[in-house]
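All remarks here apply to the structure that follows.
Just so it is clear, the values below take in all heavy atoms, side chains as well, and ignore hydrogens, waters and symmetry mates.
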Amino acid sequence: MLLPNSGTLQIAFPQAVGALDADGFPVEGAPEWSDFVQCQWRTEEFDNAAASEGEPYTNIRYRVLIEWDEDALDAERLLLNGVELSVKEARPLKAVRKVLFLATPRCL
């Protein structure tokens, strides 16, 4: 499976909850990003006319492909070309030794 764009990617892994706020909710710390990893990516879905509760927004979904990395299957966030993505699904493609991420932008 070849995707049209290539570049580099950084991966943020889940962190242990260390602190609680005044109301007892866990506080999300700054992520620790991995070293740069070569990747291929493309936008799978791009809808400029999406709406939620009457508010318009742009719906984008990315497909990102990297070489096999067992630890990458636990990734929660990706940093691709300065865009921070939330991982919706990480699929192991064992036959071709790759990992496929389905991700959406964290903040639009």
Side-chain angles (χ1 to χ4, degrees):
M1 172 191 287
L2 295 175
L3 303 178
N5 301 313
S6 62
T8 56
L9 170 81
Q10 286 181 291
I11 301 171
F13 296 100
Q15 297 178 347
V17 176
L20 301 177
D21 66 8
D23 296 324
F25 292 103
V27 176
E28 183 178 333
E32 275 190 38
W33 296 99
S34 70
D35 293 333
F36 287 97
V37 176
Q38 293 292 337
C39 71
Q40 294 176 317
W41 63 276
R42 71 178 171 99
T43 54
E44 177 182 59
E45 187 178 298
F46 187 91
D47 182 6
N48 211 13
S52 174
E53 297 179 9
E55 293 294 322
Y57 71 97
T58 302
N59 185 28
I60 304 171
R61 189 163 76 175
Y62 289 87
R63 293 175 73 91
V64 181
L65 191 65
I66 65 169
E67 291 295 325
W68 181 258
D69 181 358
E70 188 78 30
D71 296 331
L73 294 172
D74 296 328
E76 290 182 341
R77 293 154 65 174
L78 305 174
L79 190 60
L80 176 66
N81 298 335
V83 177
E84 191 170 337
L85 306 173
S86 291
V87 175
K88 300 300 178 193
E89 185 178 351
R91 295 180 183 170
L93 305 176
K94 292 182 180 178
V96 291
R97 304 284 300 157
K98 306 246 185 229
V99 176
L100 175 66
F101 296 106
L102 300 177
T104 58
R106 252 177 98 81
C107 297
L108 294 174

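Listed by chain and number, the residues in a side-chain contact (heavy atoms from CB on, under 4.5 Å) with N81 are W41 (sequence neighbours excluded). Applying the salt bridge (Lys or Arg N to Asp or Glu O under 4.0 Å) test to E89 and every residue at least two apart in sequence or in another chain returns R91. Residues that satisfy the side-chain contact (heavy atoms from CB on, under 4.5 Å) test with D21, not counting sequence neighbours, are D23, F25, V27.
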Hey, can you pull the donor-acceptor pairs under 3.5 Å for the side chains in residues 65-80, sequence neighbours left out?
unit_1 : atom_1 : unit_2 : atom_2 : d
E67    : OE2    : K98    : NZ     : 2.6
D69    : OD1    : D71    : N      : 3.2
R77    : NE     : E84    : OE2    : 2.7
R77    : NH1    : E28    : OE2    : 2.5
R77    : NH2    : E84    : OE2    : 2.5

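Put simply, the side chain of S34 gets close to the backbone of I11: a donor and an acceptor are under 3.5 Å apart.
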| message | Could you go through L9 and V64, starting from their C-alpha distance and side-chain angles, then the distance that decides it, and tell me whether this counts as side-chain contact (heavy atoms from CB on, under 4.5 Å)? | response | CA-CA 9 Å; L9 170 81; V64 181; 3.9 Å; yes

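With a 4.5 Å cut-off between side-chain heavy atoms of Ile, Leu, Val, Met, Phe, Trp and Tyr, the cluster of F36 takes in none.
With rounding to the nearest 0.5 angstrom, the CZ atom of R61 is 5.5 Å from the CG atom of L102.
Looking at L93 and V99, their side chains never come closer than 4.5 Å, going by heavy atoms from C-beta outward. Proximity of V37 to Q10: side-chain heavy atoms (C-beta onward) are nowhere separated by under 4.5 Å.
Closest non-hydrogen pair, A103 versus L85, comes out as CB-CB, 3.8 Å. Between S86 and R106 the shortest heavy-atom distance is OG-CG, 2.9 Å.
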